[in-house]
Amino acid sequence: MIHEILAVGPLQCNCSIIGDEATREAMVIDPGDDIEDVLAIIRKHDLEVKQIVITHAHIDHVGGAMKLRVATGAPILLNQNDYALLKMLDVQATWVGMADPGDVKIDHSVSSGEIISAGSLNASVLHTPGHTEGSICLFFPSEKKLIAGDTLFAGSIGRTDLPGGSLQKIMRSLHTTILALPDDTIVVPGHGHLTTIGDERESNPFLVKADRFG
Ligand SMILES: [Zn+2]
């Protein structure tokens with residue numbers, strides 16, 4: 001599996017470019033910004049983008065999606081519970097000082113139980129509400145790799161104080177869905193460095209604390 005991670009935009013969102021080495025088919029997850037750099041990686045590996053997947057509709061994750069869709073023709077996938085957030089990208093732009101990317105058109109809503117494929121690569125969709133209502137994670141079982149969006153970070157969890165956020169829901173998502181994954185699962189968070197489920201189970205203060213008191 002080809003997997004390049006590029007920190008894009010002013011908030012340095014981790015954009016993943018994941019490709020099948022044999023068929024060169026690929027998916028791009030969270031193309032928040034810097035689409036020219038994303039396209040350079042796609043060209044470098046001679047990839048054909050089949051899917052554009054958005055973990056949640058915050059501007060730093062979705063801002064470049066339409067530009068990438070125009071360049072590649074690939075559909076954009078997002079869970080429908082984030083469509084309301086998507087309609088306020090102009091407001092979000094003022095929160096973070098980014099330019100308003102304009103309307104983003106979603107081709108399909110995706111939710112738990114669905115498989116997103118590119119070549120022989122298959123990712124299971126895990127609906128993990130809490131950071132936003134429509135937050136999803138992507139789990140690649142054969143590689144034991146989780147693209148976590150802003151649900152889980154190394155040593156922290158996603159904020160829940162923005163519209164659509166819920167601390168109760170993110171804790172439920174983490175405990176029932178994310179911590180059910182194997183300890184040796186590599187976690188690629190929406191921001192910051194990589195970690196594993198085992199390391200987070202062991203030392204993430206939000207998860208350890210909830211285990212002890214919750
Ligand atoms: Zn976010």
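Position 1 is the first residue of the sequence, and the numbers go up from there. We count ligands from 1, going down the list as the structure has it; atoms in each ligand are counted the same way.
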Peer 1: Restricting to N/O/S atoms, is His61 within less than 2.8 Å of the Zn ion (ligand 1) or not?
Peer 2: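 No.
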
Peer 1: Would His61 and Asp150 count as a side chain to side chain donor-acceptor pair (under 3.5 Å) here? Give the steps.
Peer 2: CA-CA 9 Å; His61 296 255; Asp150 287 358; 3.1 Å; yes

Peer 1: Are Lys145 and His3 close enough that a side-chain donor and a side-chain acceptor fall under 3.5 Å?
Peer 2: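 On atom types as modelled, these side chains qualify, holding a pair under 3.5 Å.
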
Peer 1: Side chains of His56 and Asn79: donor-acceptor distance under 3.5 Å anywhere?
Peer 2: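 Per modelled atom types, His56 and Asn79 side chains form no pair under 3.5 Å.
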
Peer 1: So, of the N/O/S atoms that Asp150 has, which is the nearest one to the Zn ion (ligand 1)?
Peer 2: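 The atom in question is OD2.
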
Peer 1: Considering only N, O or S atoms, which atom of His58 is nearest to the Zn ion (ligand 1)?
Peer 2: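 Atom name of the closest N, O or S in His58: ND1.
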
Peer 1: Check whether any side-chain heavy atom of Ile186 lies under 4.5 Å from a side-chain heavy atom of Lys144, and answer yes or no.
Peer 2: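 No, every pair of side-chain atoms sits at 4.5 Å or beyond.
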
